[in-house]
> 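For reference, the structure I am asking about is given below.
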Amino acid sequence: MIIQRPRGTRDFLPEEMQRRGQAKGAMQDVLRRWGYREVATPTFEHLDLFTLKSGPSVIEEIYSFKDKSGRDLALRPELTAPVMRMYVSELQNSPKPQRLWYFGNCFRYERPQKGRYREFWQMGAEIIGGSRPDSEAEAVALAEDMLKSVGISGDIHIGYLGLIRSILGRIDAEHRSSVMRMIDKKERDALAQLLEEIDCSHLGLLELIDSKGDQAMNQAAQIADDLRMHKEPQDLSRSSSNDKFSKEVTSQIPVPSGRDSAREGRKVEAELNLVEFEETVDLLKAYEVDFTIDFEIVRGLEYYSGTVFEIYAQGLGAQRQICGGGTYELASLFGGKETSSTGFGLGFDRIMEIAKMDGICSAPLYLAFTPDVKKEAAGIARNLRKSFPVIMDVMGRSLGAQIKAAAGSGADYVAIVGRDEIECGKLTLREMRGGEQESLSLAEIEERLKAHF
RNA sequence: GCCGGGAUAGGGUAGUGGCUAUCCUGAGGGACUGUGGAUCCCUCGAGCUGGGUUCGAAUCCCGGUCCCGGCCCCA
């Protein structure tokens, strides 16, 4: 072997590309039925676009480079940021909502393993500027619909960051990120211990993330009530600027201290809108989507603001997630007006590992000819190609060998042309499966095979 | 970044110091220049890579590359 493929990349042979094309087509059809329009963005962008969205730490996993003028560029590691960049610079003044979808290759410098490659394909959709519960329900239902179109029914888990953030608002600021991380990493024991240490066990966080489904919703409602009830004491405590948090306060709720607290208080109020999440859930039921409420889904990211969801599938080894998404606020980060969007991305390669498709594409019609009528055959092929795929021998093979080759290529039909056929103006159409042959005109062949291709 | 297992014709494999490298499949041609996957014949085609040990390396040792699975991470 002289030159190998770069690590984590793949070649796709014709059969595989056919499957991929089919799967993409099926999901694309679903998107069209939901009224989404395709967009495409460059394969490389300014590195800043991605560090702005995900922080400088992502540079480690980005293929970045300087171009000949010294610009810092990056092969795109995902597509949400580019699409939002495009929205901000080109679509901000178009009617809302913008329903967009995309499909493209992305690049990440990561250790390859099952379902993870350095070049991979993402398919996704964004609803920009819609109202939260309606967009969220639509996004989840759409994702489910797309997966179903390729024979996949995954486990859909739905969480709500507003509530988690509100609870975090009652935790001392210096511990918030650790708490968030532990939820995300499912480090349950460490989390329990930390909450105990900082005297926040009573907030119900553990109980919340441990319950799933309807039970989780009840927990959430109860916690939301508690939080609302204790809102006043928190506001009052603002005046005593130096005490961190005090057990003597009647509410027994620790509150953030210092100059942050006023802003945090407002933020909490704005984000604790469980009613909206309940509406999303109700709508999803109306869409007849099968899902699990799961407040453990936090997606660890700053810019998510409302409902977040993930979909998992069986049969993929360690990389089980095939879809992730939620409501986020990115437009303002890229210099646009504050606009809430809901979107999701699907891991196309993982989907291909488990997709089940039935449509079998047939091999082209094989036009076999004797050497003395090669030119006439070429003309006939040119005509037939207006209706369906046709291939001709280019190996200089005998008629017998051509038919043998056609059989080998899996063709269902062979059209035979020789001197006799040219003279009577009809071709011999051979049905390979049974071996029956008929003498038919071009028009008759087109009529006969129209349904087949 | 870490751990484990791998790499032999286009695909799948055997061999574990003596190789003129096994078998299946495949591809091209012919028997059969107007009718198919059979049969027979001919042909093509391989040790990832660089170094080391050795009289001798596909085989043993070391580095690199790539693949598979897992950890970390996962926008």
Side-chain angles (χ1 to χ4, degrees), chain A residues 1-11 13 15 45 47 49-62 74 76-84 106-118 120 122 124 181 184-185 187 298-304 308 310 316-326 328 330 333 343-345 347 350 366-374 377 393-422 427-439:
Chain A
M1 197 178 293
I2 302 169
I3 296 187
Q4 294 177 313
R5 249 179 294 136
R7 181 164 205 204
T9 62
R10 291 156 296 161
D11 295 313
L13 298 179
E15 288 76 25
E45 297 268 1
L47 180 58
L49 176 65
F50 303 110
T51 52
L52 196 58
K53 171 173 177 257
S54 309
S57 60
V58 295
I59 291 178
E60 296 295 310
E61 295 183 340
I62 285 181
R76 58 190 179 195
E78 49 115 2
L79 286 163
T80 300
V83 167
M84 289 311 290
C106 299
F107 307 83
R108 290 184 195 177
Y109 191 83
E110 289 185 294
R111 182 98 189 174
Q113 63 190 73
K114 188 175 177 67
R116 174 189 286 180
Y117 306 95
R118 288 184 170 184
F120 59 97
Q122 247 186 23
R181 201 195 63 238
D184 200 18
K185 304 288 173 250
E187 293 169 0
V298 294
R299 308 224 81 217
L301 291 164
E302 298 284 315
Y303 54 80
Y304 280 106
V308 286
E310 297 184 345
L316 281 169
Q319 307 298 323
R320 293 181 52 236
Q321 192 185 327
I322 53 175
C323 175
Y328 57 86
L330 275 177
L333 192 60
F344 61 88
R350 291 180 190 174
Y366 199 106
L367 184 68
F369 57 94
T370 55
D372 54 322
V373 298
K374 188 194 283 183
D393 176 57
V394 291
M395 301 284 286
R397 285 196 260 237
S398 69
L399 185 65
Q402 287 180 50
I403 290 168
K404 190 187 262 195
S409 76
D412 293 316
Y413 292 93
V414 174
I416 298 164
V417 213
R419 188 46 60 195
D420 298 348
E421 281 80 4
I422 297 297
L427 304 189
T428 301
L429 182 70
R430 180 181 176 87
E431 208 262 292
M432 295 302 277
R433 187 178 302 248
E436 307 91 45
Q437 299 191 172
E438 278 182 273
S439 189

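Every chain is numbered from 1, with letters handed out A, B, ... down the list of sequences.
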> Using a 4.0 Å heavy-atom cut-off, write out nucleotides 67-75 of chain B from 5' to 3' as B (base contacted by protein), S (sugar-phosphate only) or - (no contact).
S-SBBBBBB

> A:Arg397 and A:Gln402: side-chain donor and acceptor closer than 3.5 Å?
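No pair is found: no donor N or O on one side chain lies under 3.5 Å from an acceptor on the other.
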
> With a distance cut-off below 6.0 Å to the six-membered ring centre and an angular limit of 45° from the axis, does A:Arg76 pair with A:Phe107 as a cation-pi contact?
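Checked: cation-pi criterion not met.
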
> Which one is paired to B:C23, where only Watson-Crick or G-U wobble pairs with both distances under 3.5 angstrom count?
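Paired with B:C23, as far as the under-3.5 Å criterion goes, is B:G12.
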
> When the P atoms of B:U65 and B:U49 are compared, how many Å lie between them, rounded to an integer?
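Here B:U49 and B:U65 have their P atoms 16 Å from each other.
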
> Distance between the C1' atoms of B:A58 and B:C19, in whole angstroms?
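Straight-line distance between the two C1' atoms is 9 Å.
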
> Would you name the heavy atoms of A:Gln319 and A:Lys114 that are closest together and state the gap between them?
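Taking every non-hydrogen atom into account, CG-O, 3.1 Å.
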
> Looking at B:A7, which nucleotide sits across from it as a Watson-Crick or G-U wobble partner, both distances under 3.5 angstrom, or is there none?
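Across all strands, the one nucleotide that pairs with B:A7 is B:U65.
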
> If we take the P atom in both B:A14 and B:C23, what is their distance in whole Å?
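Approximately 14 Å lies between the P atom of B:A14 and that of B:C23.
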
> With the sugar-phosphate defined as primed atoms, P, OP1 and OP2, and the base as all remaining atoms, what B/S/- string results for nucleotides 30-35 of chain B, 5' to 3', for protein heavy atoms under 4.0 Å?
---SBB

> Counting only Watson-Crick pairs (N1-N3 plus N6-O4 or O6-N4) and G-U wobbles (N1-O2, O6-N3), all under 3.5 Å, who is the partner of B:C60?
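The answer is B:G52, by the H-bond criterion.
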
> Both A:Glu431 and A:Arg118 contact RNA chain B. Which one's nearest nucleotide lies toward the 5' end?
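Nearest nucleotide further toward 5': that of A:Glu431.
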
> Does a salt bridge link A:Glu110 with A:Arg118, judged by any charged N lying under 4.0 Å from a carboxylate O?
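Judged by the 4.0 Å cut-off on N to carboxylate O distance, A:Glu110 and A:Arg118 do not form a salt bridge.
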
> For A:Glu60, is the CD atom crowded, meaning more than 12 foreign heavy atoms sit under 6.0 Å from it?
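Not more than 12 within 6.0 Å, no.
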
> Stepwise, does the salt bridge (Lys or Arg N to Asp or Glu O under 4.0 Å) test hold for A:Glu78 with A:Lys53?
CA-CA 11 Å; A:Glu78 49 115 2; A:Lys53 171 173 177 257; 2.9 Å; yes

> Would A:Glu436 and A:Arg430 satisfy salt bridge (Lys or Arg N to Asp or Glu O under 4.0 Å), going step by step from the backbone distance to the final call?
CA-CA 6 Å; A:Glu436 307 91 45; A:Arg430 180 181 176 87; over 6 Å; no

> Can you name the closest pair of heavy atoms from A:Phe50 and A:Val58 and give their distance?
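Looking at all heavy atoms of both residues, the shortest contact is O-CG2, 4.0 Å.
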
> According to the Watson-Crick and G-U wobble definitions, with both distances under 3.5 Å, which nucleotide is paired to B:C40?
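Pairing partner, where one exists within any strand: B:G30.
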
> Using the C1' atom as the reference point in each nucleotide, state the distance between B:A75 and B:G70 in Å, no decimals.
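Their C1' atoms lie roughly 23 Å apart.
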
> Expressed as a whole number of Å, how far does the P atom of B:C24 sit from that of B:C68?
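30 Å, rounded to whole Å.
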
> Show your working on side-chain hydrogen bond (donor to acceptor under 3.5 Å, both in side chains) between A:Glu438 and A:Thr428 and close with a plain yes or no.
CA-CA 6 Å; A:Glu438 278 182 273; A:Thr428 301; over 6 Å; no

> At their closest point, which heavy atom of A:Ile403 faces which heavy atom of A:Met432, and how far apart are they?
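Heavy atoms of A:Ile403 and A:Met432 come nearest at O-CE, 4.0 Å.
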
> Using atom P in both nucleotides, what's the gap between B:U22 and B:A46 to the nearest angstrom?
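The same atom, P, in both gives a distance of 12 Å.
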
> Find the distance A:Asp412:CG to B:G36:C1' and express it as a whole number of Å.
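Whole-Å distance recorded here is 13 Å.
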
> Does B:G1 have a Watson-Crick or wobble partner in any strand here, with both distances under 3.5 angstrom, and which is it?
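Across any shown strand, B:G1 pairs with B:C71.
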
> Please state the P separation for the pair B:G12 and B:G69 - nearest whole angstrom.
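Taking atom P in both B:G12 and B:G69, they lie 15 Å apart.
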
> Provide the distance between the two C1' atoms, one in B:G11 and one in B:C55, to the nearest whole Å.
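Roughly 38 Å separates the two C1' atoms.
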
